[in-house]
Amino acid sequence: MSTKNVSAAEALTKLKEGNKRFVSGNLEHPNLDIPRRESLTTGQAPYAIVLSCADSRVVPEYIFDQGLGDIFTILVAGNVASQSVTASIEYAVAHLGVQLVVVMGHESCGAVGAAIAGGDNGPSLNNLVGHIAPAVKLAAEQGKMAVNDVVKENAKLGVKELRERSTILTKAADNGVEILPAYYALGSGEVSFLD
């Protein structure tokens, strides 16, 4: 059940193929049977990590047509790479051998909309949108203040933060782990991997 044999490129291909099935409606629903569930009682070996928004319309296992134990999924509003989120990603890379990390924003993200709108949302939400504020600033400097432009910048900055703030992830990236930004379109179901 080791993921050490699944390269970042192979993992990315699996995600892209699964997303094509999701977009077309030709789902396989792999790894959802009783034997798969029972096999996971002794451990896990996901082949990819997906940090995504907690939005109920954004479910990585469905979007990538994957099953139990395939994706190490972390959901937080605005796909924010807080310290706890970063620690979870570090765990999956360092202890489970995962070679691909995807930071995925999505169309019409409410947390990003709150960051753009500003104002006082209470201490917890203010803390969360504070993590998104640099993406708002960067998009404004580029003259792109539409929410979906900021969503994309936020995913890109999330990748940058993971690479720069975590010595574990910096070292892992130097040794072949890929950390990529992505954008999910709600209507089409398509995931675009951003440069």
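Residues take their numbers from the sequence shown, with the count starting at 1.
Remark: the backbone N or O of Ser108 is paired with a side-chain donor or acceptor of Asn148 at under 3.5 angstrom. Not a single donor-acceptor pair under 3.5 Å links the side chain of Glu61 to the backbone N or O of Gln66. Listed for the Asn121 side chain is no donor-acceptor partner under 3.5 Å among the backbone atoms of Asn126. With hydrogens and angles ignored, the 3.5 Å screen pairs no side-chain donor or acceptor of Arg36 with any backbone N or O of Gly67.
Looking at Glu141 and Lys137, a side-chain N of the basic residue comes within less than 4.0 Å of a carboxylate O on the acidic one, giving a salt bridge.
Once rounded to the nearest 0.5 Å, the distance linking CG of Leu51 with CG of Leu162 reads 7.0 Å. Between the CG atom of Asp55 and the CD atom of Glu107 there is a distance of 10.5 Å, given to the nearest 0.5 Å. Taken from CG in Leu169 to OG1 in Thr86, the straight-line distance is 7.0 Å, to the nearest 0.5 Å. Here OG of Ser39 is found 7.5 Å from CG of Asn31. Values are rounded to the nearest 0.5 Å. In this structure, the separation between OH on Tyr184 and CZ on Phe64 is 9.5 Å, given to the nearest 0.5 Å. The line from CG of Asp149 to CD1 of Ile116 is 8.5 Å long, rounded to the nearest 0.5 Å.
The shortest side-chain heavy-atom distance between Val102 and Ile49 does not fall under the 4.5 Å cut-off. In this structure the side chain of Leu15 never reaches within 4.5 angstrom of the side chain of Val191, judged on heavy atoms. Between Phe72 and Ile89, the closest side-chain pair of non-hydrogen atoms is not below 4.5 Å. Between Leu128 and Val76 the shortest side-chain heavy-atom distance falls below 4.5 Å. The closest side-chain heavy-atom distance from Asn79 to Met104 is not below 4.5 Å. With a 4.5 Å cut-off on side-chain heavy atoms, Pro46 and Asp70 do not count as touching. In this structure, the side chains of Leu12 and Phe193 come closer than 4.5 Å at one or more pairs of heavy atoms. A heavy-atom distance below 4.5 Å is not found between the side chains of Lys171 and Thr167.
Considering every non-hydrogen atom in both Gly105 and Ala155, the closest pair reads N-CB, 4.1 Å. The minimum heavy-atom distance between Glu90 and Ser166, with the atom names listed, is OE2-OG, 2.5 Å. Looking at every heavy atom in both residues, Val58 comes nearest to Pro60 through O-CD, 3.6 Å. The two residues Val147 and Cys109 come nearest to each other via the heavy atoms CG2-O, 3.8 Å. Heavy-atom minimum distance, Thr41 versus Glu38: OG1-O, 2.9 Å. Between Val150 and Lys144, the shortest heavy-atom contact is CG2-O, 4.1 Å.
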Could you go through the side chain to side chain contact (heavy atoms under 4.5 Å, CB included) check for Val101 and Leu180 one step at a time?
-> CA-CA 6 Å; Val101 180; Leu180 304 174; over 6 Å; no

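For the residue pair Asp65/Asn19, the side-chain donor-acceptor check at 3.5 Å is not satisfied. Between the side chains of Gln99 and Tyr47, not a single donor N or O lies within less than 3.5 Å of an accepting N or O.
Listed by first and then second residue, the side chain to side chain donor-acceptor pair (under 3.5 Å) pairs involving residues 153-164 are Glu161-Arg165 (not counting sequence neighbours).
In Gln142, the CD atom is crowded: over 12 heavy atoms of neighbouring residues, nucleotides or ligands sit closer than 6.0 Å.
Cluster annotation: Leu75 is not connected to Leu100 through the hydrophobic network of ILVMFWY side chains, with a link wherever side-chain heavy atoms come within less than 4.5 Å. Hydrophobic clustering of Ile, Leu, Val, Met, Phe, Trp and Tyr side chains at less than 4.5 Å, counting indirect connections, keeps Val23 apart from Leu186. Leu138 and Val80 fall into different hydrophobic clusters, where Ile, Leu, Val, Met, Phe, Trp and Tyr are joined by side-chain heavy atoms under 4.5 Å apart, directly or via other members. The cluster map of Ile, Leu, Val, Met, Phe, Trp and Tyr, joined by side-chain heavy atoms under 4.5 Å apart, puts Ile74 and Leu157 in different clusters. Following chains of ILVMFWY side-chain contacts shorter than 4.5 Å, one can reach Val129 starting from Met145, so the two form part of one hydrophobic cluster.
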